[in-house]
Amino acid sequence: MLAGEAARLAIVECLRPTGAETLPTLAGENVFDSIAASINDIDEELRYVPTVAVYTREATVDRRGERYADNNGRVVLEIVCDLSVIVDDEDGGGPPITAPMAATDATARLALAALVAQVRRILEFDPAGALFRYVIKGIDRIDEETMSVPDLGLDYQRVVIRLTCAVEDDGYTVAGDLPEPLKKLRDALPAGSYAKAKLTALGEMFAAIVVVPLQSVAIYDADAPPPDGDPVAIEEDLDQ
């Protein structure tokens, strides 16, 4: 469902607004679309770097009735909040990688909790999250899951926020261009934004549907159809 892609890109723009002098979360510029932070994004001199990665987890459509256009759309968006550090890839034997394994202490846990709270506040209530709320109908459910492996003594500095959102089903037109709600999001995004560039490129993949102009209307008596399988008994030229 394309509405899920619209919602995800809107989140990226809200958490990393284009041209903003002050960024709204502890993650700063480290807000990523469908990918985790790389080692190039992490300053090794810092104890940890707050990062956010946004994913579209799933999308569903429930029928409200017999009409196929009468649908309830729902998407689950996953926002991964980490305190990232660079660690050696001991299992793979490869180069260093990023992982949410900053040293566990009260200060680190509070920093992670603050990052999660900032993300929620922006997307639910703050004017900075208006673009996200513009492309969804509402947030039905919010889940927060802290990742840890207590049996091994590991406590990852990661919280996963899952937003279950009601959305409009994809809306197509014969004119081509992007379906809704992607089109209205693209038009609302500021020039030069990451999300607008992605949607502009996606729009080029949607060609206009070629519609053959209606030339005539055929009317015939169902009880006495014309011979030879020809359905046209009376034809009216629309040009006259």
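As the structure is a prediction and not an experimental result, all values here were calculated from the model. Every heavy atom of this structure was used, including side-chain atoms; hydrogens, water molecules and symmetry mates were not.
- Side chains of L163 and I79 form a contact here, defined as non-hydrogen atoms less than 4.5 Å apart.
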Residue pair R74, V167: steps toward the side-chain contact (heavy atoms from CB on, under 4.5 Å) verdict: CA-CA 6 Å; R74 183 172 291 104; V167 296; 5.8 Å; no
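- Inter-residue side-chain proximity for L77 and I11 is flagged as met; some heavy-atom pair is nearer than 4.5 Å.
- The line from CD1 of I142 to CG of L123 is 8.5 Å long, rounded to the nearest 0.5 Å.
- A donor-acceptor pair under 3.5 Å is absent between the side-chain atoms of R57 and the main chain of V75, judged by distance alone.
- Hydrophobic cluster membership is shared by L202 and L9, with clusters built from Ile, Leu, Val, Met, Phe, Trp and Tyr side chains linked at under 4.5 angstrom.
- Heavy atoms only, all atoms of each residue included: I35 and Y55 are closest at C-OH, 3.4 Å.
- When every heavy atom of C14 is checked against every heavy atom of F132, the shortest pair comes out as SG-N, 3.6 Å.
- Taking 4.5 Å as the limit, every side-chain heavy atom of P50 sits out of range of all side-chain heavy atoms of C81.
- M147 and L110 sit in two unconnected hydrophobic clusters of ILVMFWY residues. Membership requires side-chain heavy atoms under 4.5 Å apart, directly or through other members.
- With values rounded to the nearest 0.5 angstrom, S84 atom OG is found 7.5 Å from R158 atom CZ.
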Worked verdict on E5 versus R8 for salt bridge (Lys or Arg N to Asp or Glu O under 4.0 Å): CA-CA 5 Å; E5 311 308 307; R8 188 190 75 250; 2.4 Å; yes
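- Of all heavy-atom pairs between V135 and A7, the closest is CG2-CA, 3.9 Å.
- Distance alone, capped at 3.5 Å, places no donor-acceptor pair between the S193 side chain and the L189 backbone.
- Taking a 6.0 Å sphere around NZ of K198, one finds it holds 12 or fewer heavy atoms contributed by other residues, nucleotides or ligands.
- Using a 4.5 Å cut-off on side-chain heavy atoms (C-beta onward), D143 and R141 make contact.
- Side-chain N or O atoms of R16 include one that pairs as donor or acceptor with a backbone N or O of V31 at under 3.5 Å.
- Taking CG of L15 as the start and CD of E29 as the end, the distance is 12.0 Å to the nearest 0.5 Å.
- The minimum heavy-atom distance linking L83 with A108 is given by the pair CD1-O, 3.2 Å.
- The number of heavy atoms from other shown groups lying within 6.0 Å of CZ (R121) is above 12.
- For E144, the salt bridge (charged side-chain N to carboxylate O under 4.0 Å, His left out) partners at least two apart in sequence or on another chain are R120.
- Here Y194 pairs with D33 under the side-chain hydrogen bond (donor to acceptor under 3.5 Å, both in side chains) rule; sequence neighbours left out.
- A single hydrophobic cluster is not seen to contain both V116 and V76; linkage of ILVMFWY side chains at heavy-atom distances under 4.5 Å, directly or through other members, places them apart.
- For R162, the side-chain hydrogen bond (donor to acceptor under 3.5 Å, both in side chains) partners at least two apart in sequence or on another chain are E78, E145.
- For the atom pair CG (L2) and CG (D170), the distance works out to 4.5 Å, reported to the nearest 0.5 Å.
- Residues I136 and I139 form a side-chain contact, since some pair of their non-hydrogen atoms from C-beta on lies under 4.5 Å apart.
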How far apart are the C-alpha atoms of V119 and I161, what are their side-chain angles, what is the distance that settles it, and do they pass the side-chain contact (heavy atoms from CB on, under 4.5 Å) test? CA-CA 9 Å; V119 170; I161 307 171; 4.0 Å; yes
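- In this structure, L115 and A27 approach most closely via the heavy-atom pair CD1-N, 3.9 Å.
- The CG atom of L199 sits 12.0 Å away from atom NZ of K183, with the distance rounded to the nearest 0.5 Å.
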Begin from the C-alpha positions of L112 and V159 and carry the test side-chain contact (heavy atoms from CB on, under 4.5 Å) through to its verdict. CA-CA 8 Å; L112 182 58; V159 173; 3.7 Å; yes
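- Across all non-hydrogen atoms, the minimal contact from L26 to A111 is CD1-O, 3.6 Å.
- Proximity of E180 to E168: side-chain heavy atoms (C-beta onward) are nowhere separated by under 4.5 Å.
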Show, in sequence, the C-alpha distance, side-chain angles and deciding distance for Q118 and D126, and conclude whether the side-chain contact (heavy atoms from CB on, under 4.5 Å) test is met. CA-CA 10 Å; Q118 288 174 334; D126 198 275; over 6 Å; no
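- Residues V80 and D82 form a side-chain contact, since some pair of their non-hydrogen atoms from C-beta on lies under 4.5 Å apart.
- A heavy-atom distance below 4.5 Å is not found between the side chains of F32 and V54.
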